[in-house]
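Structure first, then comments.
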Amino acid sequence: MYRYKKKLVSDINMVPFIDIVLVLLIAFMVTTPLIIRGLQVNLPKTAGSPLKNVKENTLILSVKKDGSYYLNTGNKQEQRVTPDKITDTVKKIQQRAPGIIVLVKGDNDVSYGKVVIAMAQLQRAGVTNVGLVTDPRNLK
């Protein structure tokens, strides 16, 4: 009788590894949208240099110290608006001037929540170009 010697298999069985990776991938794909909450802001790709010239199609949304909101539509007059009116007004302005840039000026002493409300209203209006105005002299 001949006996066959069994060779040792030196291959790694990848099937369990692939199964685990696929399960983890599905778990991350399902949970990631639930974890991320926030406003999408088109961040600049620069090192934070100041704006030299502000274009004509720029809208400035100011949040004053008392929490009130003002829109400057370019004619150098700030109009007081409520948070609900921000979305409607900005949508109308965007229809007239697509690709408008919105700058948000928040007072140093205003509640962070007030600025977030303004950003959320801009997001609802469909604004894609948003910038935050700062005073470089106060940055140390």
For this session: For Gln94 and Ile100, work out which heavy atoms get closest and say how close.
Result: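 For Gln94 versus Ile100, the nearest heavy atoms are CG-CG2, 3.6 Å.
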Exercise. Which atom pair, heavy atoms only, marks the closest approach of Thr89 to Lys85?
Worked result: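 Closest pair (atom of Thr89, atom of Lys85, distance): OG1-O, 2.8 Å.
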For a 4.5 angstrom cut-off between non-hydrogen side-chain atoms, does [X] reach [Y]?
{"X": "Lys105", "Y": "Val63", "value": "no"}
{"X": "Met119", "Y": "Leu132", "value": "yes"}
{"X": "Val90", "Y": "Leu59", "value": "yes"}

Problem set entry | Any donor-acceptor N/O pair, Tyr69 side chain to Lys114 backbone, under 3.5 Å |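 Judged by distance alone, yes, a pair lies under 3.5 Å.
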Exercise. Counting only N and O atoms by type, is there a donor-acceptor contact under 3.5 Å from the side chain of Thr87 to the main-chain atoms of Arg124?
Worked result: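 Not at all, since once roles are kept as given, no pair shorter than 3.5 Å links the two residues.
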What's the spacing between [X] [atom1] and [Y] [atom2] if we round to 0.5 Å?
{"X": "Ile86", "Y": "Ile117", "atom1": "CD1", "atom2": "CD1", "answer": "9.0 Å"}
{"X": "Leu71", "Y": "Ile60", "atom1": "CG", "atom2": "CD1", "answer": "10.0 Å"}
{"X": "Leu61", "Y": "Leu122", "atom1": "CG", "atom2": "CG", "answer": "5.5 Å"}
{"X": "Asp88", "Y": "Gln121", "atom1": "CG", "atom2": "CD", "answer": "9.0 Å"}
{"X": "Ile101", "Y": "Asn129", "atom1": "CD1", "atom2": "CG", "answer": "5.5 Å"}

Exercise. Between Asp84 and Thr82, does any side-chain donor sit less than 3.5 Å from a side-chain acceptor?
Worked result: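 No, no side-chain donor-acceptor contact under 3.5 Å.
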Look at the side-chain heavy atoms of Ile, Leu, Val, Met, Phe, Trp and Tyr, link any pair under 4.5 Å apart, and say whether [X] and [Y] land in one connected group.
{"X": "Ile12", "Y": "Val21", "answer": "yes"}
{"X": "Phe28", "Y": "Val23", "answer": "no"}
{"X": "Ile20", "Y": "Val15", "answer": "no"}

For this session: Kindly confirm or rule out a cation-pi arrangement of Lys64 over Tyr70, judged by NZ or CZ under 6.0 Å from the six-membered ring centre and within 45° of its axis?
Result: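 The answer is yes; both the distance and angle limits are met.
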